[in-house]
Amino acid sequence: MDVTMKLNRRSVLGTIGMIGVGTGAAFGSGAFTTVEAQREVEVNVIGGGFRADGIIHLADDPLDNVSSGDIAKDADGIEYDDGQTIGDVESTISNEIIGSSGTADVLVNTASDFVTVKDANDDEFDGRSLYPTLDNTYESTNGSYVSLVANDVTIVFGPEDRKLPPNSNLSETELFGVVRNGDADVTFAKGDVDEGLLTNVNGNNVSTSPRFTGSGNVTLSGDVQAGEASRETEDLLIKIDGDS
């Protein structure tokens, strides 16, 4: 069973960050299966000073073979303009996303065998190859975390070779990471659909719109409920409110 969380291209609106979501719940053929299914959550990001247009790929080598001084290369192995290093690229991006007080980034952890990410072309990536890779600003999150503000990705729960059984629940103790500059609050909320794929965040039912307040970097647990429908899409809203 594939469970996917689709993150669409982002747009910018003022200084308040928002990870928004698409509209409605759409079911495929309506057929049911006891073998496998695919789940999608449509997500748009509005806010901050950064617009994601695809992925920010930095390196393919394992992190222990990569340094901030290495030349950054995209997913096709092409060097960035002017031979920018990984450190150059990450410094520029982190300054745009969380360079001002009251800003935050929300990330997904791909360390689990049951969580991965893919781009708009359905190409899967080791989360360590996408931003942030080595940025010290994100020191509380290891290289397996992928920025949902900087990267336009699809989160896959139960990839092809490790699909989830029908009606199963996937619990990850550190599914999301929140990196803040100053005070910034992060709220997870459902759309108009009664049933949510992401059911709980840090032990709080998403239907109650749990809000995580304060400053500093934190990790949050998450529960994903897999159903039986052959295909589903639904809304999820992650809103970031800062003090600036």
Side-chain angles (χ1 to χ4, degrees), residues 1-10 19 21 36 38-43 45 50 52 54-66 72-75 86 89-90 93-94 97-98 104-164 168-179 186 188 197-202 206 217-226 236 238:
M1 176 177 298
D2 291 340
V3 186
T4 65
M5 187 176 292
K6 175 69 179 297
L7 287 89
N8 293 333
R9 293 185 175 180
R10 276 71 170 171
I19 298 179
V21 196
E36 62 184 38
Q38 179 173 319
R39 303 292 184 269
E40 296 182 351
V41 177
E42 302 291 343
V43 183
V45 177
F50 188 88
I55 59 172
I56 299 177
H57 180 281
L58 296 172
D60 281 324
D61 292 331
L63 289 184
D64 53 4
N65 294 333
V66 174
K73 297 181 180 180
D74 65 19
I86 293 175
V89 176
E90 294 200 315
I93 295 170
S94 65
I97 296 176
I98 54 173
D105 194 357
V106 179
L107 307 93
V108 63
N109 187 2
T110 64
S112 169
D113 289 339
F114 298 98
V115 183
T116 188
V117 294
K118 61 182 181 180
D119 66 8
N121 296 319
D122 292 333
D123 294 326
E124 292 190 7
F125 294 90
D126 182 335
R128 299 174 301 173
S129 67
L130 304 182
Y131 178 84
T133 300
L134 299 170
D135 195 327
N136 291 332
T137 306
Y138 294 79
E139 60 186 356
S140 66
T141 56
N142 62 37
S144 63
Y145 282 81
V146 174
S147 168
L148 301 182
V149 174
N151 298 286
D152 181 6
V153 295
T154 298
I155 304 172
V156 180
F157 298 97
E160 186 65 29
D161 56 343
R162 296 179 296 279
K163 292 182 178 180
L164 303 177
S168 63
N169 183 274
L170 174 65
S171 296
E172 295 292 342
T173 58
E174 296 182 349
L175 181 59
F176 295 106
V178 177
V179 176
V186 176
F188 291 78
L197 303 177
L198 178 66
T199 56
N200 293 284
V201 175
N202 232 40
V206 178
N217 302 345
V218 297
T219 57
L220 305 171
S221 63
D223 295 325
V224 175
Q225 179 65 52
L236 171 69
I238 305 175

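Predicted model, so just to flag it, every value in this text is computed and none were measured.
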Asp122 meets the salt bridge (Lys or Arg N to Asp or Glu O under 4.0 Å) criterion, sequence neighbours left out, with Lys118
Rounded to the nearest 0.5 Å, the CG atom of Asp105 sits from the CD1 atom of Ile93 at a distance of 10.5 Å
Task: Working for side-chain contact (heavy atoms from CB on, under 4.5 Å), residues Leu175 and Ser221 - done: CA-CA 5 Å; Leu175 181 59; Ser221 63; over 6 Å; no
Between Asn217 and Val179 the two heavy atoms that sit nearest each other are OD1-CA, 3.3 Å
Original post:
Is there a donor-acceptor pair under 3.5 Å between the side chain of Asn109 and the backbone N or O of Glu174?
Top reply: yes
Practice task
Please check if the distance between the ring centroids of Tyr145 and Phe176 is under 6.0 Å.
Solution key: no
Residues at least two apart in sequence or cross-chain that pass side chain to side chain contact (heavy atoms under 4.5 Å, CB included) with Asn121, listed by chain then number, are Asp119, Asp123
Test item: Glu90 side-chain N/O and Tyr131 main-chain N/O as donor-acceptor pair under 3.5 Å:
no
Closest heavy-atom pair, Ile56 versus Ala150, reported as atoms and distance to 0.1 Å, is CD1-O, 3.6 Å
Exercise for the section: Determine whether Val156 and Val115 make a side-chain contact, defined as any pair of heavy atoms from C-beta on separated by less than 4.5 Å. Expected result: no
Heavy atoms of Thr199 and Val224 approach each other most closely as OG1-N, 4.5 Å
Check your understanding: Is the side chain of Arg128 donor-acceptor paired with the backbone N or O of Thr133 at a distance under 3.5 Å, no angle test?
Key -> no
So, does Thr110 use its side chain to make a donor-acceptor pair with the main chain of Ser144 at under 3.5 Å? yes
Residue set satisfying side chain to side chain contact (heavy atoms under 4.5 Å, CB included) with Ala72, at least two apart, ordered chain then number -> Leu58, Tyr80, Ile86, Val89
CG of Leu107 to OG1 of Thr219, rounded to nearest 0.5 Å, is 11.0 Å
One should read off an interatomic distance between Asp113 CG and Arg162 CZ, to the nearest 0.5 angstrom, of 5.0 Å
Would you say the side chain of Val201 lies within less than 4.5 Å of the side chain of Val206, judging by non-hydrogen atoms?
yes
Looking only at heavy atoms, the pair that brings Phe188 and Ile238 closest together is CE2-CD1, 3.5 Å
The reported gap from CG in Leu170 to CG in Leu198 (rounded to nearest 0.5 angstrom) is 10.5 Å
Output, in order, the C-alpha distance, side-chain angles, deciding distance and verdict of side-chain contact (heavy atoms from CB on, under 4.5 Å) for Ile55 and Asp152. CA-CA 5 Å; Ile55 59 172; Asp152 181 6; 5.5 Å; no
Taken in chain and number order and not counting sequence neighbours, the residues that satisfy side chain to side chain donor-acceptor pair (under 3.5 Å) with Ser171 are Asn169, Asp223
Original post:
Do side-chain atoms of His57 reach the backbone of Ser129 as a donor and acceptor pair under 3.5 angstrom?
Top reply: no
Thr173 meets the side chain to side chain contact (heavy atoms under 4.5 Å, CB included) criterion, sequence neighbours left out, with none
Side chains of Glu172 and Ser112: donor-acceptor distance under 3.5 Å anywhere?
yes
